Each structure stands twice: as C-alpha cells, then as structure tokens.
Protein chains: 2
Amino acid sequence: MQLAVDVGENALTERQKDVLDAALALLVEAGDTLTMTSVARRASCSKESLYKWFGDRDGLLTATVQWQASKVRAVPVNPEAFDLASLTAGLQRFASDWLHVLSGTISVALNRVAVGHAGSDKHDLGVIVLENGPFAMARRLKPLLELGRDTGLLHFYETDEAFRTFFGLVVRDVQIRLLLGDRLELTDASIERDSLRATQQFLALYGAQTEAAEGGH
Amino acid sequence: MQLAVDVGENALTERQKDVLDAALALLVEAGDTLTMTSVARRASCSKESLYKWFGDRDGLLTATVQWQASKVRAVPVNPEAFDLASLTAGLQRFASDWLHVLSGTISVALNRVAVGHAGSDKHDLGVIVLENGPFAMARRLKPLLELGRDTGLLHFYETDEAFRTFFGLVVRDVQIRLLLGDRLELTDASIERDSLRATQQFLALYGAQTEAAEGGH
DNA sequence: GCCGTACCGTACCGTACGTTACGGCAGCGG
DNA sequence: CCGCTGCCGTAACGTACGGTACGGTACGGC
C-alpha cells in the first residue's frame, strides 16, 4: 500500500526518458509483444544500454509504467468559497478528467499489460497501475467528498463507499469494454455529458438537500 | 455483434470437453503462460490431438473461452405477477449473480487473457468475452428493465443508459481491481449487501414511485 | 596525444515453446 | 487374423526472443 513510484530514485537521464517514451509508444502500438530489440531500434539505443539501465525486460516495463505515472500528477482543487456549485463543478471536472485519461490510448495500453502480468509477477505491474489508477483517484477525490460532508452538502457514513459509488457512476462499463477491445467512441461532448449525468446521479444519492433530482437522461 | 458461440458447431466430444476443462484449470493457475505441452500433459492427451482438434494455440484458447461461456447460460426470470417486490428481487438477484461470476477465479483468468490479447488478434478473444460478459448481461437484464418501465415502476428513456448505470452501481471498481491483482475479499454476505445497496440506489435514481430512498449505507 | 567512460550497432548464445513427425497400442469391421 | 482408424507419448525441428559479448566511435580529463 506504499507509494509505488520511487520519487527518490527518479534519477532518469533525458536520454533514458526518451527511451521510456519510445517504449510507451511501442506499448501502445504492439502491446505486450514489444521486444527489447524493437525498443532499442525505436529509441536508437543499444540493447546493452537497456540492460544496464533497467536490468531486464520486466525492469524496463516497470520503469515505463512508473515514468508514465509520474507524468500525470494530481491537480488539487482547493476552492475558498465552497458551496453546492463548486462541489458540483469539482465532481464533474473530476469525472471528466478521469474519463479522458481512462479512454486514452496510453492508459488502455498500460492497463492491458498490467492486467496481463497481474498475479504471476515479481515487480507486480498490477500493483503499480492500481496505485496510480483507482487508488490515486480515491486519494484525490476523498478530500472533496469529505469537505462536502463537513459542510453539510453531502450525506454518507463511509467515504470509501461514497467514492466507489461515484467511481461506478462515472466509469460504468467503459473501462472493461475498452480493455476488451470494444470500439467505443468517447467524444469530448459525450464525456462532458456523462460527467454531468454521473455527478447529478451522485448528488441525487448522496446530496443532503433536495431529493427531487431526476436521475436518468 | 453476432453471437460468438457457434452453437451449431458445438460438436465437442466428451474427451474434448475434458481437455478444455484442463485448459481452463491451467489458465487459472498459470494465466497466459500456459503451454501446449502443459495442456497435453494435464489432460493426458497428445499434442497431435490438440492440433488436430483446435488448429493451433489461438484456436485452443478460443475454444476454451467459448466452452466456458457455453456453461454459464442465462436463467431467464419471467414472473407472472410483476410488482415492485419482484422487480427489486430480480434486480438484486441479478446483481448478486453477476458479482459472484465476476469475482470467480475462472472469470478473472479469462478476462485477463482476453484483455491481454485484445487489439492484435485474429480470433479476437476480447470480442468473445465482451459478447459473453457485459453484452450478455445487458441482453439478460434489459427485458426486466423494460418490463419495469412498461408497468410504470421504472422511469427512463434509454434502456441502455439505465442498464449501464445499474452496471456501474453493481460492479463499481471491483472488476478492474481484481484484474489488476488486488486482493479483494468478496464474501457471500458482502455480495448480498452490495447487491441490495446497488438495487436500492438504482431504484432511487430510476424508480417512478417514492423519491425518499436513502442512498448510502 | 592518450586513456577511461559511455554508448551505439551488431553478432552471437541459450532456451523455451509452437508445431510437426513418428512409433506404438487399442478397438473394431470384415 | 488383417488392416484401418484414432489416439497417446515423445522425440525432433524451427524460430523468436531474452540476454550477453564485442568491436567501433565520440568525448571529456589530463
């Protein structure tokens, strides 16, 4: 349950970052079938360097996942005047951001390899993606939820329950369908619409004020 | 979008079914790293027979997935007297069944290999699992939802929207966390509790009668 | 100018595994 | 009893790929 990204050991040369970006691109294109040779060729570096820098294939994959994770850092929302409008806006923005990340080719590719490697792995990629995916989302969202509860705008007993419900309302079957290869067109407009719907549904379930919210559509 | 399981070509010998069950067991144990040799040894059959029956490794995997899919057939719920109680019971039973399947080792293993193979595949396993997973769930649930709407118990415009919301409320982050290797204890009691919660939340959002449903906990 | 370091490109090695081939055996129709 | 068929067990083949070794080059310090 520790933070999986070793910030202290982030001693990455620019050259090495370029290599990891190349590995990312190949991961998106070829998935888990990428070879050390292909990475070396794409990045115009020698395999010897790959092994010196990252140890072995697993090390390269791990470094690649962590490198990507380090790029998408949280943007904390900390409004001064907190009311229903800013809570709603925060939730919707959060949902929108999450759907955008989730449906990106890089996220899909990384989740695919992590799922494929989960279970039988030493440098468990699954744990890393878990840590930087759902768990990171929870860490980012929970302060907002608890602020909403403390200001009387939301009503729930377990923060985790509330978060997971919001997760379900936002993600629904989108992620698993994308991972399984379903062609699912997520336009900016549809994401905005879905974020709003999820937010309104969440407020209808956990909002402390009006109960007259119309759920569907 | 056709039914992926060729029922017409389901000419499977008992021997072949045994072989596929062995392959399933190995898939659960070793994931995608199972070898043709290991399947042959586990099933006490020759590799020659494997290739004669299933063509190649991909064919074996495909047949295995389809074989498992053919085992979990739908149990249609078609009550005579339809009221809020039977609707609620149907939804909750559905959610419970789905969570049980979802968290089973076989489902996790199959979804892992399907996700791993998705995208760059000819016999696309992802499509098969998609067809027998989320899509099958939708086909099974939609009649119940539309019956609820036609009898005035539910209120929604798009059946698909209602289904996907229910999916989100039931599954939440459970599936992705399991696929990524998170140790997630789902006891019968917790599944029952979650099914009830999801059902009540769904009714709070789409139910046409009372709006006073308490969302959380 | 000389050496050490870092790195590229490439050739090479070992192995795992998909795929094929073959010998042997059991059952069965004639 | 003979031959055919289907299958098991295993050996053999080919290749892809992870990992290693090595020659060649650029560069910075002395």
Side-chain angles (χ1 to χ4, degrees), chain A residues 9 11-65 67 109 112-114 116-117 119-125, chain B residues 9 11-65 67 109 112-114 116-117 119-125:
Chain A
E9 201 50 50
L12 286 178
T13 318
E14 288 304 314
R15 185 82 188 91
Q16 292 172 351
K17 294 178 185 175
D18 291 345
V19 170
L20 293 182
D21 279 329
L24 266 180
L26 279 174
L27 224 43
V28 170
E29 296 173 19
D32 202 8
T33 69
L34 97 168
T35 68
M36 298 298 277
T37 305
S38 72
V39 174
R41 194 165 40 223
R42 173 71 67 101
S44 293
C45 77
S46 71
K47 290 210 288 180
E48 187 184 22
S49 300
L50 290 184
Y51 284 99
K52 181 195 291 189
W53 292 335
F54 308 110
D56 58 359
R57 189 175 185 276
D58 255 7
L60 173 64
L61 257 51
T62 305
T64 305
V65 172
W67 165 235
R112 284 211 180 119
V113 307
H117 283 215
S120 56
D121 228 5
K122 27 190 192 305
H123 304 307
D124 209 339
L125 290 182
Chain B
E9 200 51 48
L12 286 180
T13 317
E14 287 305 314
R15 185 84 186 91
Q16 292 172 350
K17 294 178 185 175
D18 292 344
V19 170
L20 293 183
D21 279 330
L24 265 180
L26 280 174
L27 224 44
V28 170
E29 296 172 20
D32 203 7
T33 69
L34 97 169
T35 67
M36 299 298 277
T37 304
S38 71
V39 173
R41 195 165 39 222
R42 174 71 67 101
S44 293
C45 77
S46 71
K47 292 208 281 181
E48 186 184 23
S49 300
L50 290 184
Y51 284 97
K52 181 193 292 189
W53 292 335
F54 307 109
D56 57 1
R57 188 175 184 276
D58 255 7
L60 173 64
L61 257 51
T62 306
T64 304
V65 172
W67 165 236
R112 284 213 180 117
V113 307
H117 283 214
S120 57
D121 229 4
K122 30 190 190 306
H123 305 307
D124 209 340
L125 290 181

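Everything numeric here is computed off the predicted structure, so don't read it as measured data. First the proteins, then the strands, lettered A, B, ... as listed; each starts at 1.
Here the straight-line distance linking atom CG of A/L24 with atom NZ of A/K17 works out to 13.5 Å at 0.5 Å rounding. Within the model, atoms CG of A/L20 and OG1 of A/T64 stand 4.5 Å from one another, a figure rounded to the nearest 0.5 Å. B/T35 OG1 to B/L26 CG: the interatomic distance, rounded to the nearest 0.5 Å, is 8.0 Å.
Not a single donor-acceptor pair under 3.5 Å links the side chain of A/S49 to the backbone N or O of A/C45. For the pair B/T13 (side chain) and B/Q16 (backbone), a donor-acceptor distance under 3.5 Å is absent.
Phosphate contact (OP1/OP2 of C/dA6, side-chain N/O of A/W53, threshold under 4.0 Å): absent. Of the side-chain N and O atoms in A/S44, none sit less than 4.0 angstrom from OP1 or OP2 of C/dC8.
When all heavy atoms of B/A23 and B/V39 are compared, the closest pair comes out as CB-CG1, 4.3 Å. Closest non-hydrogen pair, A/R15 versus A/A43, comes out as NH2-O, 2.9 Å. Residues A/A22 and A/R42 share a closest heavy-atom pair of CB-CG, 3.8 Å. B/L27 approaches B/A109 most closely through the heavy-atom pair O-CB, 3.8 Å.
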TODO: Would you give a per-nucleotide map of nucleotides 15-29 of chain C, 5' to 3', where B means the base has a protein non-hydrogen atom under 4.0 Å away, S means only the sugar-phosphate does, and - means neither?
DONE: --SSBB-B-------
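Note that the two end axes of the helix from C/dG1-D/dC30 to C/dG30-D/dC1 enclose an angle of 10°, each drawn from 5 base pairs, rounded to 10 degrees.
Remark: B/D32 engages B/R57 in a salt bridge, criterion side-chain N to carboxylate O under 4.0 Å.
Nucleotides of DNA chain D lying under 4.0 Å from heavy atoms of chain A occupy a range whose first and last members, 5' to 3', are D/dC17 to D/dC22.
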